[in-house]
Amino acid sequence: MTCHKPCVDRKDLGLLALRVGTGGVLAAHGAQKLLGWFGGPGLRGTAAGMEAMGFAPPKASALAAGVGEAAGGVLLALGLATPVAGAAAAGTMAGAVAVHAPNGFFAQGGGYEYPAFLGFVAAGLAVTGAGRYSLDHSLGHVLDRHWMVPAALVGGAAAALAVVASRNKRVGRPGPREDSADGTDE
């Protein structure tokens with residue numbers, strides 16, 4: 001059989017690679033939080049960490065972060081309900097960005113570079129869609145309608161903003177370290 005059009009669409013193949021790679025990373029991080037896989041702390045350890053970072057209630061926060069990453073990642077990798085999956089993952093990463101922001105941008109110093117990157121990729125996939133090599137395409141886009149993109153992104157952003165604002169109230173607004181008047185760090 002000869003193809004009059006390209007047999008493989010590079011854009012769709014690129015979206016597949018981006019979805020599987022990003023979704024796999026997010027799913028693995030979620031599995032660490034929820035199940036303790038891949039050397040992760042599991043739900044109990046994640047809840048303790050969430051409490052230490054100022055998220056409340058800690059167990060619900062741990063569950064939300066784990067599900068946002070695990071479910072969002074699996075759905076992105078499959079290309080299923082892509083607007084909701086991308087928005088959920090991006091919202092979860094916004095919480096991680098808030099935690100890492102006081103450390104600056106670069107990951108090597110504990111900064112927010114890595115969660116910001118994952119969040120932007122997830123949001124970009126929510127907007128772009130999963131492409132032809134996806135379950136969304138195979139199912140006729142029933143879980144990937146045009147109106148779902150802004151609804152999911154606005155909903156995810158609103159939820160992330162509420163969670164981060166609540167956390168910031170508890171821990172005080174994060175900002176750069178300032179030197180004290182006597183020249184020593186406090």
Just grab all the ring pair (Phe, Tyr, Trp, His ring centres under 6.0 Å) pairs involving residues 123-155, residues at least two apart or on different chains. H137-H141

Work out which heavy atom in G39 is nearest to a heavy atom in Q32; give both atom names and the distance. C-NE2, 4.4 Å

Quick one: closest heavy-atom pair of G140 and R145, and the distance? O-NH1, 3.8 Å

Indicate the atoms forming the closest heavy-atom contact of M53 with V171, along with that distance. O-CG1, 3.7 Å

Can you name the residues that form a side chain to side chain donor-acceptor pair (under 3.5 Å) with R10, not counting sequence neighbours? none

Specify the closest pair of heavy atoms between A70 and L34, including all atoms of both residues, with the distance to one decimal. CB-CD1, 4.0 Å

With sequence neighbours excluded, give me every salt bridge (charged side-chain N to carboxylate O under 4.0 Å, His left out) pair touching residues 78-95. none

Would you confirm whether S134, through its side chain, and G131, through its main-chain N or O, come within 3.5 Å as a donor-acceptor pair? yes

Please list all pairs meeting ring pair (Phe, Tyr, Trp, His ring centres under 6.0 Å) that have one or both residues in residues 31-63, counting only residues at least two apart or in different chains. none

Compare every heavy atom of A56 with every heavy atom of R170, then report the nearest pair and how far apart it is. NH2-N, 3.2 Å

When Ile, Leu, Val, Met, Phe, Trp and Tyr are grouped by side-chain heavy atoms lying under 4.5 Å apart, directly or through other members, which residues fall in the same group as F120? none

Salt bridge (charged side-chain N to carboxylate O under 4.0 Å, His left out) pairs touching residues 111-122, sequence neighbours excluded, are none

Which side-chain N or O atoms in residues 71-95 pair as donor and acceptor under 3.5 Å with protein atoms at least two apart or in another chain?
unit_1, atom_1, unit_2, atom_2, d
T82, OG1, D136, OD2, 2.6
T92, OG1, A88, O, 2.9

Looking only at heavy atoms, which two atoms of T46 and P41 are closest? And how far apart? OG1-CG, 3.4 Å

Checking N103 now: which residues fulfil side chain to side chain donor-acceptor pair (under 3.5 Å) with it, not counting sequence neighbours? none

Donor-acceptor pair, S166 side chain versus A162 backbone, under 3.5 Å? no

Show me the pairs that pass salt bridge (charged side-chain N to carboxylate O under 4.0 Å, His left out) and involve residues 77-89, at least two apart or across chains. none

At what distance, to the nearest 0.5 angstrom, does CG of L16 lie from CG of D9? 11.5 Å

Tell me the salt bridge (charged side-chain N to carboxylate O under 4.0 Å, His left out) pairs involving residues 56-77, sequence neighbours left out? K33-E69

Co-membership, hydrophobic cluster, residues V154 and M148, 4.5 Å side-chain: no

Could I get the full list of ring-ring contact (aromatic ring centres under 6.0 Å, His included) partners for F105, not counting sequence neighbours? Y112

Are R167 and V99 side-chain neighbours, meaning at least one heavy-atom pair lies under 4.5 Å? yes

Qualifying residue for side-chain contact (heavy atoms from CB on, under 4.5 Å) with T22, from L18, V20, V25: L18

Connected to V127, directly or through other members, by ILVMFWY side-chain contacts below 4.5 Å are V149, L153

